[in-house]
Amino acid sequence: MAEKKPKIVAFCCERHGTDAAVLSARTGKQYDASVRLVQVPCTGRVDGMHILQALEDGADAVFVLGCLEKNCYYDTGSIEGRKRVGYVKQMLAEVGIEKERVEMFNAASTNAWAFPEAVGKMVEVAKKLGPIGGGERP
Amino acid sequence: MIVAKRKPLNEIAEMLAPYKKVTVVGCRSCVAICLAGGEKEVKMLVSALKLKAKKDGRKQQFEGFVVERQCEKEWVSEVEEKILDSNVTLSMACSLGAQTIGDMYPKHLTFPGLNTGIFGVPEEQGVWSEKCVGCGNCIIHTTGGICPIARCAKSMLNGPCGGSANRKCEVNLEVDCAWAAIYDRLKLQNRLDLIEQLTPAKDWSTSHAGGRRTYVREDAKLTPHQKKGKGAVL
Amino acid sequence: MKAKVQVVLCKCCTEMPTLLDLEKLAKVAADSDNVLSVLSVDAVCDGRQLAQVVNDAKDKETDRAVVLACHKKDISPSLLKAYKRAGINEFMVELVNIREEVVLPHLEEPERAQAKAESKLKAALARARLLAPQERQSELMRTRNVVVIGAGISGQAAAREAAKSGAHTILIEKTGKSLKAPGIIMPNSTLVASEGYGGNFKLKIRAGEKLEVLEAAAVVIATGGGWTQLKGPLAKAVKDAIPLYRLHEQVKAGTVPKDPIVIVDTPDPAGKTLRVQDFAWDDALETAMELKKKHPESQVWIVFQEMRAFGLSELAYKEAADLGIRFVRYDKAGPPKVDPKNPTSMAVKDFSQGELINLELGTLVFASIPANPDNEGIAEALRIPMTPEGGVRRGSIQRWPVTTPRPGVFVCGSALFPKSHEVAEREGEAAGSMAGQFVKPGTIEFGGVVAEVEQEKCSACLTCVRTCPYEAPFIGKAGKAEIRIQGCQGCGMCVGICPSKAIELHHYTDEQIMTEARTLLGGDF
Amino acid sequence: MKAGSNLEKVFDSGQFTVTAEIGPPQSANPEPLTHHAKMLRGYADAFNLTDNQTAVVRLSSIASAAIIMREGVEPVIQMTCRDRNRIALQSDLFGAAALGVKNVLCLTGDHHVFGNEKAAKGVFDFDSIVELQVFNNLRTSGKQLGGEQIKDPPKMYLGCAENPFATPYEWRAARLAKKAAAGADFCQTQAIFDMNMFEKWMDEVRSRGLDKKVHILAGVIPMKSAGAARYMKNKVPGMIVPNDIVDRMKNAKDQKEEGIKLCIEQIEVLKNMKGVHGVHIMAVAWEEMVPRIVKEAGLLPRPSFP
């Protein structure tokens with residue numbers, strides 16, 4: 001049987017987040033294909049509901065990548081994003097699901113390492129923890 | 001909702017008698033719905049106070065305004081000029097509204113026009129009854145969805161006292177005995193075993209007994225970085 | 001109405017044909033619902049091929065497109081324009097960055113890359129089915145006024161530069177001092193309130209005794225530093241200490257300050273808010289050298305924790321040392337101290353030598369410029385944020401360093417944080433230039449990705465009003481939130497936080513975002 | 001022995017127990033207490049000292065207990081949850097035990113709207129069942145509610161009250177079960193006039209085996225007049241007085257005498273009722289009748305233990 005492939009969702013802001021991901025590819029960085037990048041205009045657009053729904057839909061881990069907090073394109077968007085992620089983590093902890101399945105990262109568009117590093121961390125988490133509830137993947 | 005009722009007109013008139021210019025501020029929220037401090041009540045009160053001043057031979061000016069929610073600064077600031085332009089503001093909101101105005105303009109006098117009573121529900125048109133006392137630790141899943149802390153005069157936790165007659169409360173024979181209601185509800189739900197279990201002493205520290213309470217949702221709070229203008233941390 | 005989708009596969013990315021099975025990808029597209037046309041082109045950014053693509057869209061009467069190509073920012077302008085000509089709204093084109101999200105990062109895993117590309121295509125199709133056309137709108141600016149607040153060095157520079165773009169400049173100056181600058185100068189005036197948005201502001205200005213309302217297309221904040229405020233233990237101990245600019249005036253006027261002259265960075269050396277940029281070191285070095293050149297006999301000390309001079313000004317360190325100016329560096333463990341009972345001497349621990357030095361104080365000068373206390377009122381009037389130090393906070397560097405988070409409001413000079421004369425002037429020019437460019441078109445463009453409130457669901461809780469950095473949401477006449485779309489930047493923060501889920505962001509609806517994520521999760525790779 | 005009180009000993013000996021009530025005065029004068037103690041000594045096994053009954057301010061029950069103990073009479077102090085929070089209740093229990101009190105009756109308490117301080121702030125930190133749990137835990141494990149371990153915990157014989165005539169009737173025996181589980185050693189019932197209804201309740205009590213866990217003292221009240229009967233029927237919540245009893249009082253030539261007679265008859269019935277271990281005579285403001293009732297009901301002499 002083939003090794004189970006983790007499923008990671010990355011909500012990336014259209015500004016620094018996506019730009020950092022694009023730059024990493026342009027500079028030849030390779031990362032695990034498991035990541036599913038979903039663009040949002042700003043991490044402040046991310047709703048805790050999106051993250052939880054992604055976990056429900058089979059994601060093993062979800063991360064949100066936004067601008068650096070002090071240099072957010074939408075001024076305070078990545079702060080909002082961080083707070084949303086924080087609340088989801090708290091909820092997960094309350095229902096006994098590992099909160100490290102959800103993470104917030106920040107990057108500048110020039111940080112070519114940021115996206116692959118985030119993917120690497122989350123893949124590691126997903127591999128360590130396996131699917132939520134331990135069930136077979138659909 | 002928060003249920004309040006207007007103070008007796010005489011009491012209000014007496015409170016306001018020494019002041020020339022009175023701004024009455026109502027609220028469109030809970031107190032409007034419980035017919036205590038909405039636009040209509042404010043207008044009627046202003047008329048009544050004008051009549052009373054006329055009858056008593058006092059030269060007073062009354063002007064009424066209503067804001068969306070008096071417990072929030074943003075709404076209150078809509079009538080800021082009117083408040084500061086008066087000698088006293090009569091708040092026709094619950095005490096939360098009156099205290100918000102007071103905290104915003106500490107030099108200015110703000111008096112309560114309502115008596116704030118209960119967290120209640122409208123049982124029928126014109127009737128509100130208390131169903132919660134905000135103890136901060138809800139247990140109604142164990143009592144058939146009926147709160148004995150609020151609905152029993154003695155906040156009994158282990159069933160009705162010996163004064164329950166005809167399923168009414170000994171303190172007020174108009175009011176249903178909370179525990180009789182709980183018994184019926186649990187019987188209906190086939191969960192009577194719940195009231196046979198001993199309920200231990202309640203931890204009141206989550207209630208007002210534990211001191212003034214503040215609830216914080218960290219993820220909703222604006223960080224200093226997110227604040228603007230004067231609100232920004234200096 | 002049923003969606004009619006055109007799928008375009010761009011072969012441009014060199015690795016793509018070797019890594020991915022394009023035919024298979026095209027088949028996946030062709031087999032999907034709503035797809036009327038699948039087209040493979042060598043390079044979608046090539047004009048002729050693009051023409052072929054839009055002609056195909058016209059022929060097949062498609063109403064939307066999914067384009068698998070590269071980064072949006074690289075191809076979208078020409079692509080969207082072409083589609084627009086074909087009658088397809090720009091928001092009906094779903095771009096998939098197959099190059100940088102699939103091909104380049106997964107070169108070593110062709111099988112997974114193929115599966116991921118197919119999944120990406122399916123997700124884009126799913127999203128495309130949910131797209132709706134959005135219209136951009138524009139509004140005429142009622143005026144081309146650029147209002148500059150503060151007529152100091154940076155403010156005058158801003159007015160000069162803005163005027164070059166044809167803006168009418170109005171300088172609001174707090175004092176009554178006479179000035180030379182293009183446009184109107186309003187002395188003894190302050191900004192007290194504002195309404196509107198970038199392009200069409202209404203400013204309430206107190207001019208002397210009168211309150212005036214001024215229309216403005218853009219605002220430049222050039223309030224400068226808080227020149228008169230010196231707070232901290234050193235200022236308290238040495239009553240006759242002076243700020244740097246006062247020393248500069250004395251040197252210019254030929255007055256000889258009392259020897260020895262000690263220039264220290266801040267009156268509060270052990271304070272928490274010390275930042276390198278808070279000191280006008282260029283000016284301090286220049287003034288010290290000018291003094292030393294005029295009066296070689298005078299003793300000049302510069303006491304600092306960290307020093308940074310801009311660009312070539314760094315050469316001044318050596319020049320100053322050669323002139324005999326002495327430098328003492330300290331750290332927070334050994335900050336300079338003055339005993340208030342003996343204000344003629346300062347003790348400081350030399351960080352590099354480790355020894356305690358006692359400096360005689362003839363004249364004590366502070367190089368720091370405190371934040372201008374007026375900033376608070378200005379920030380309140382324009383509803384913009386401030387720094388913890390009391391400066392105006394600038395917007396994201398991606399929007400340029402002289403912007404504030406509010407579009408149409410620019411900032412320069414020591415209003416941000418203390419600057420030297422020269423830097424302040426350059427920044428003033430930059431801000432003035434940006435303001436000039438901002439008002440030049442005479443119209444404001446907005447719409448597209450903007451938020452909209454579903455009023456039946458709104459409970460007027462004010463959460464959006466408080467959260468939006470742009471003052472776009474407000475409570476309208478109906479007592480419900482509304483979005484002033486001229487101010488809406490399309491970030492969606494209000495949408496993400498609305499407790500009643502009463503706000504939706506066009507082009508990034510919950511359904512669109514979650515459908516995309518769900519479809520991607522459905523793929524096996 | 002849980003507390004070693006006289007009451008406990010009488011119960012344990014299996015004899016039919018008699019308790020009565022002494023109402024503390026509405027004053028600071030201990031005289032009435034001393035007077036009643038002297039008068040009633042030897043006619044009952046222990047005497048209840050009410051705790052501001054019907055929320056009327058009276059001399060405190062613990063102080064009253066100390067006073068009657070000087071006369072060689074055993075007290076049962078009533079402690080309601082109306083006026084004291086858990087700090088005061090536990091503290092007063094220590095105090096009572098230190099004074100030598102060995103019986104305590106745990107009550108939630110009449111609501112203060114019935115009393116002479118209607119504007120009071122009721123406490124109700126506990127209800128009687130919580131109070132029983134806390135006191136029981138104190139005597140058995142020496143643990144205070146807050147968790148603190150107490151060195152010399154109060155050893156008390158714990159009583160409770162139950163009203164078979166309050167609604168919901170069908171749940172009243174279950175409530176006694178809760179009290180038994182909470183640690184009650186004995187139970188005083190509300191005054192009984194409707195013997196059929198009481199019998200029904202006792203059926204349920206017996207079927208649950210509660211009479212084996214808790215000593216049941218059936219409550220009786222000698223009535224002074226037909227007016228008193230009507231008052232109790234109509235005005236006292238949770239009291240049921242059947243019409244035939246009201247009529248019997250009304251038609252009697254000497255209503256006082258009829259009241260005493262009725263009370264004695266009731267005791268006779270109760271004496272023979274299975275599971276009833278004694279009577280509690282509540283001669284409110286008519287304490288002087290207690291010796292006669294006890295004597296005529298054939299309950300003398302009261303047992304004594306060396």
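Letters go in sequence order (proteins before strands), and every chain restarts at 1. Just the heavy atoms: all of them, side chains too, but no hydrogens, waters or symmetry mates, feed the values below.
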Using a heavy-atom cutoff of under 4.5 Å, enumerate the residues of residues 194-207 of chain B that contact chain D, numbered in order, or state 'none'.
-> B/Ile195, B/Glu196, B/Gln197, B/Leu198, B/Thr199, B/Pro200, B/Ala201, B/Lys202, B/Trp204
Looking only at heavy atoms, which of residues 105-115 of chain D get nearer than 4.5 Å to chain B?
-> D/Thr108, D/Gly109, D/Asp110, D/His111, D/Val113, D/Phe114
So, does B/Ser164 use its side chain to make a donor-acceptor pair with the main chain of D/Ala166 at under 3.5 Å?
-> no
Okay, side chain of D/Arg175, backbone of B/Gly162: is any donor-acceptor separation there less than 3.5 Å?
-> no
Would you check, one step at a time, whether the test side chain to side chain contact (heavy atoms under 4.5 Å, CB included) holds for D/Cys81 with B/Met156?
-> CA-CA 10 Å; D/Cys81 306; B/Met156 307 275 294; over 6 Å; no
Is any side-chain heavy atom of D/Gln133 closer than 4.5 Å to a side-chain heavy atom of B/Asn158?
-> yes
Validation row: B/Pro160, D/Pro168 side chains within 4.5 angstrom (heavy atoms) | yes
Can you say whether the rings of D/Trp171 and B/Tyr183 are parallel (under 30°), tilted (30 to 60°) or perpendicular (over 60°)?
-> tilted
Counting only heavy atoms not in [X], do more than 12 sit closer than 6.0 Å to its [atom1] atom?
| X | atom1 | value |
| --- | --- | --- |
| B/Glu174 | CD | no |
| D/Asp244 | CG | yes |
| D/Ile87 | CD1 | no |
| D/Lys118 | NZ | yes |
| D/Lys155 | NZ | yes |
| B/Lys5 | NZ | no |
| B/Glu14 | CD | no |

[X] portion near chain B, given a 4.5 angstrom heavy-atom threshold:
| X | value |
| --- | --- |
| D/Asn85 | neither |
| D/Arg82 | neither |
| D/Ala177 | neither |
| D/Glu170 | both |

Pick from B/Cys169, B/Cys152, B/Ser155, B/Ala165 with the largest number of heavy-atom pairs that fall under 4.5 Å of chain D | B/Ala165
Of all the heavy-atom pairs spanning B/Cys161 and D/Arg172, show the shortest one and how long it is.
-> O-NH2, 3.0 Å
When rounded to the nearest 0.5 Å, the distance separating CG of D/Asp127 from CH2 of B/Trp179 is 8.0 Å
Under a 4.0 Å N-O cut-off, is there an ion pair linking D/Lys235 with B/Glu170?
-> no
